Amino acid sequence: MPSRTVITFGTFDVLHVGHIRILKRAAALGDRLVVGVSADALNVAKKGRPPVFSESERLEIVGSLRFVDAVFLEESLELKRDYVLEHRADVLVMGDDWSGRFDFVSDLCEVVYFPRTPSVSTTEVIEHITTLGS
Ligand code: C2G
């Protein structure tokens, strides 16, 4: 049987259990999990602030997980089709906060949205830590 490659994307800043769960679920859909980690510049453009951890740190952290086979830098939200082709992905996985947003690659690969893990986000972790310091 040919191996099945799964691709997913994200910032994965201040890694938390919501990130771990979606990466594990994504990995379980195939034989190989490739993760596009969003560039610092993309975050500044998208969210108006840089991530807490730099892109090289986030690449190293996500790439160290045992269920992640390869990581690369996601430099643009518009390049999904190129990334899917480049990494020969059979399945693209995202959390359902992105529901429907990646359907435009469904002629190239299967597109799956998993429910987000409730009650945890990088923003909430940062806010929590901030209140501890005040
Ligand atoms: N996620 C989740 N549950 C949470 C938080 C995040 O399942 N409680 C999922 C998101 O749905 C996403 C992945 O974890 O699939 C990464 O989330 P973020 O780091 O917030 O990534 P984001 O900034 O949404 O970047 O091209 C897409 C972007 O790079 C996605």
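Because the structure is a prediction, the values reported are computed rather than measured. Note that ligands are numbered from 1 as they come in the structure, with each ligand's atoms numbered from 1 the same way.
The protein non-hydrogen atom at the shortest distance from atom 2 (C) of ligand 1 is Arg116 CG, 3.6 Å. Nearest non-hydrogen protein atom to atom 14 (O) of ligand 1 is Ile22 CG2, 3.5 Å. Scanning all protein heavy atoms for the shortest distance to atom 24 (O) of ligand 1 gives Trp98 NE1, 2.9 Å. From the protein, the heavy atom lying nearest to atom 16 (C) of ligand 1 is Phe12 CE2, 3.7 Å.
Proximity of the aromatic rings of Phe12 and Phe53 is defined here by a centroid distance below 6.0 angstrom, and this criterion is not met.
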Requested in this report: Report the C-alpha distance between Asp31 and Thr5 in whole Å, list the side-chain angles of each, state the deciding distance to 0.1 Å, and finish with yes or no for side chain to side chain contact (heavy atoms under 4.5 Å, CB included).
Outcome: CA-CA 6 Å; Asp31 306 294; Thr5 297; over 6 Å; no
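The residue from Val44, Asp13, Asn43 that alone fulfils the side-chain contact (heavy atoms from CB on, under 4.5 Å) condition with Pro50 is Val44. The only option from Val34, Val62, Ile61 that meets the side-chain contact (heavy atoms from CB on, under 4.5 Å) definition with Val68 turns out to be Val62.
Each of the atoms 23 (O) of ligand 1 lies under 4.0 Å from some heavy atom of Lys47. Heavy-atom proximity to Thr11, at under 4.0 Å, picks out these atoms of ligand 1: 18 (P), 19 (O), 21 (O), 22 (P), 23 (O), 25 (O). The ligand atoms of ligand 1 that sit less than 4.0 angstrom from a heavy atom of Gly10 are 16 (C), 21 (O), 25 (O), 29 (O), 30 (C). Close contacts of ligand 1 with Gly95, meaning ligand atoms under 4.0 Å from a residue heavy atom, involve 11 (O), 15 (O). Those atoms of ligand 1 that come under 4.0 Å of a heavy atom in Ser38, given as number and element, are 29 (O). Listed by number with element, the atoms of ligand 1 under 4.0 angstrom from any heavy atom of Asp97 are 10 (C), 11 (O).
Ring-plane geometry between Phe72 and Phe9 is classed as perpendicular, the angle between the planes exceeding 60 degrees on a 0 to 90 degree scale with a lower cut at 30.
Between atom 3 (N) of ligand 1 and the options Thr117, Val93, Val14, the minimum heavy-atom separation is to Thr117.
In this structure, the side chains of Val6 and Asp90 stay at 4.5 Å or more apart for every pair of heavy atoms. Side-chain contact between Leu92 and Thr8: absent, with no pair of heavy atoms (C-beta onward) separated by less than 4.5 Å. In this structure, Leu77 and Glu74 have side chains that are in contact, with non-hydrogen atoms separated by less than 4.5 Å.
Not close to ligand 1: Arg21, with no non-hydrogen atom less than 4.0 angstrom away. The closest approach between a heavy atom of Phe114 and any atom of ligand 1 is not below 4.0 Å.
Heavy atoms from both the backbone and the side chain of Val120 come within less than 4.0 Å of ligand 1. Counting heavy atoms closer than 4.0 Å to ligand 1, residue Thr122 contributes nothing at all.
Considering backbone and side-chain atoms together, Glu74 places an N or O closer than 3.5 Å to an N or O of ligand 1. Between Asn43 and ligand 1, not a single N/O pair is under 3.5 Å apart. No N or O atom of Leu77 sits closer than 3.5 Å to an N or O atom of ligand 1.
In this structure, the side chain of His16 engages the main chain of Gly18 through a donor-acceptor pair within 3.5 Å.
The pair Glu86-Arg81 does not meet the salt-bridge criterion, since no charged nitrogen lies less than 4.0 angstrom from a carboxylate oxygen.
A cation-pi arrangement, defined by a distance under 6.0 Å to the six-membered ring centre and an angle within 45 degrees of its axis, is absent between Lys80 and Phe104.
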